[in-house]
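Heavy atoms only: backbone and side chains are in, while hydrogens, waters and symmetry mates are out.
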2 protein chains.
Amino acid sequence: MTERRPRKDAIRNRAAVLAAADALFARCEHPEEVTMAGIATAAGVGKGTLFRAFGDRTGLIRALYEARLEPVRTTVEEGPPPLGPATPPLQRVPALLDAILCFKLDNRHLALALEQTGADSPYRTEHYERWHALLRDLLRRIPGPADSGFTAHVLLAATRADLVEYLAGEQRTPREELRRQLADFTAGVLGTRERPGPDAEG
Amino acid sequence: MTERRPRKDAIRNRAAVLAAADALFARCEHPEEVTMAGIATAAGVGKGTLFRAFGDRTGLIRALYEARLEPVRTTVEEGPPPLGPATPPLQRVPALLDAILCFKLDNRHLALALEQTGADSPYRTEHYERWHALLRDLLRRIPGPADSGFTAHVLLAATRADLVEYLAGEQRTPREELRRQLADFTAGVLGTRERPGPDAEG
DNA sequence: AAGGAAGCGGACCACTGGTCCGCATCGTAC
DNA sequence: GTACGATGCGGACCAGTGGTCCGCTTCCTT
């Protein structure tokens, strides 16, 4: 329990590094062209400081990602409907997926950088496990013969960073259309799709 | 038009490189520990030969992958049902996805190596475009309000190499169970699942 | 047989993530 | 305020990667 508080220069440097990295990832097209040395320079610190504070490149990216994701997580875990825990599963599942999709759209560069850290599978990260567990539990409360765990994986795969990047960034699919497509697909999986209707195909 | 045939030593070397790379990828757990120099040494050629024949690392992996995939492609394009073109969409879609899943299970290392080539998105490859176009066209012939293109992307995302690796390799999901889960999910998406309640046109 | 084209190979290069340790900075005890 | 040990800093340094280059070898053609 002798958790000594970090020194104030350490705190300042950590913040500077995170800010610099965030800016660099936002500015650059391909995440791999953001190097550790570049981040260090941009933050005005030495490389050693980066590795001391975050362990390695993956650790830095993960820290950045988690920081950005934190508001979403809070809203999901203790916010009001339709994202919060009080929402019935049939509405919460699509709301959750939409929130994740929007997050990835708003943080494409970061999400891409994180998933592209080839070293370890993107499935063994804490935040993936969390989303998956939540989604799986929600799906379990919705009648349907398909395996909830697998369905949760596939629904999450529909929001993978590189797919989102491909559709939104390269194919220029507009944000709202992408959201609608995901919602439609989700509705189909959940069986909540409105029956024969005027589906205005755009 | 003046396509000169390659010299015979070039042909021999190319084959040797492909064989050596295949063996190395099969032997190693993580694809990134297979280096170009290692492949060259194992094949008994110089590094220059690798790059001359395949352009870069991605080119080599892609060539290997396409070579392995070729039988599947042939079966799909001109084979008998349920994979061949004579099959009605409602049966061909699940058959196609099952074939892709099995292929990835049988070639996990290669598929992983290919998808992990972070440089370019896995969505802009020739074979992905081919699978996607085929799947999308099949889906178009099945009534359903969801966007066929997007649905095709998500169904293909369900067979992504790292997800398959995670489920089969790390979580030890048995092959047959994985196939069943994918089939179940697909059936749900297609609406071909025997449903107790409201059946749409099907 | 001879000449030129195609291909070879491995030293070489640029650059990366990551380490290391002498030195500056900080928090604390007096 | 000052002295002092602990904490953190920084950038030279390292190992190892993908990729290039060019003198030399092998092959094909005539």
Side-chain angles (χ1 to χ4, degrees), chain A residues 1-21 24-25 28-65 112-120, chain B residues 1-21 24-25 28-65 112-120:
Chain A
M1 255 330 260
T2 320
E3 286 277 330
R4 299 190 56 85
R5 276 185 45 204
R7 263 162 50 171
K8 75 176 180 194
D9 53 350
I11 294 177
R12 174 171 33 85
N13 281 335
R14 184 186 168 93
V17 166
L18 282 177
L24 282 184
F25 276 116
C28 296
E29 271 314 300
H30 297 270
E32 76 260 24
E33 66 199 32
V34 177
T35 71
M36 296 299 270
I39 296 173
T41 301
V45 303
K47 260 176 58 172
T49 305
L50 264 68
F51 288 94
R52 162 169 284 267
F54 300 98
D56 59 6
R57 194 183 138 96
T58 302
L60 203 176
I61 297 176
R62 201 169 287 171
L64 246 166
Y65 191 82
L112 215 55
L114 185 60
E115 281 189 15
Q116 229 171 42
T117 304
D120 46 346
Chain B
M1 170 94 187
T2 320
E3 287 276 330
R4 299 188 55 84
R5 277 185 43 206
R7 266 164 47 171
K8 74 178 182 193
D9 52 349
I11 294 176
R12 174 170 34 86
N13 280 336
R14 186 185 167 92
V17 167
L18 282 177
L24 282 184
F25 276 115
C28 297
E29 270 316 299
H30 297 269
E32 76 260 25
E33 66 199 32
V34 177
T35 72
M36 295 301 267
I39 296 173
T41 301
V45 304
K47 259 177 59 172
T49 304
L50 264 69
F51 288 93
R52 161 169 284 269
F54 300 99
D56 59 5
R57 193 184 138 97
T58 301
L60 203 175
I61 297 176
R62 201 169 286 171
L64 245 167
Y65 192 82
L112 215 55
L114 184 61
E115 282 190 15
Q116 227 170 42
T117 303
D120 46 346

Note, [X] side chain near [Y] side chain (heavy atom, < 4.5 Å):
X     : Y      : answer
B:L60 : B:M36  : yes
A:F54 : A:L64  : no
A:D9  : A:R12  : yes
B:H30 : B:L112 : no

Rounded to whole Å, please give me the gap between [atom1] in [X] and [atom2] in [N].
X     : N      : atom1 : atom2 : value
B:R52 : C:dA6  : CZ    : P     : 9 Å
A:D9  : D:dA6  : CG    : P     : 17 Å
A:I11 : C:dT25 : CD1   : C1'   : 14 Å
B:K47 : D:dC21 : NZ    : P     : 13 Å
A:F51 : C:dT16 : CZ    : P     : 12 Å
A:E32 : C:dC15 : CD    : P     : 15 Å
A:L50 : D:dG10 : CG    : C1'   : 11 Å
B:L60 : D:dG19 : CG    : C1'   : 13 Å

Indicate whether OP1 or OP2 belonging to [N] is found under 4.0 Å from a side-chain N or O atom of [X].
X     : N      : result
A:N13 : D:dC9  : yes
A:R57 : C:dG17 : yes
B:R7  : D:dC28 : no

ask   = Measuring from A:L50:CG to A:I39:CD1, what's the distance to the nearest 0.5 Å?
value = 6.0 Å
message = Could you measure the distance from the CZ atom of B:R62 to the CZ atom of B:R57? Nearest 0.5 Å is fine.
response =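 Taking CZ in B:R62 and CZ in B:R57, the distance rounds to 12.5 Å.
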request  = Please list, by residue number, the residues of residues 33-41 of chain A whose heavy atoms come closer than 4.0 Å to an atom of DNA chain D; answer none if no residue qualifies.
outcome  = none
ask   = Any donor and acceptor pair, going by atom type alone, linking the side chain of B:T41 with main-chain N or O of B:A37 inside 3.5 Å?
value = yes
task = Answer with yes or no whether A:K8 presents, from its side chain, a donor or acceptor under 3.5 Å of a partner atom in the base of C:dG27.
result =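 Under the 3.5 Å cut-off, the side chain and the base do not form any donor-acceptor pair.
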request  = Could you pick out which residue, A:D56 or B:G48, lies toward the 5' side of DNA chain C when each is mapped onto its nearest nucleotide?
outcome  =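 By nearest-heavy-atom nucleotide position, the 5'-most residue is B:G48.
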inquiry  = If you only use heavy atoms from C-beta on, which nucleotide in C:dG7, D:dT20, D:dG8 is closest to the side chain of B:P6?
reply    = C:dG7
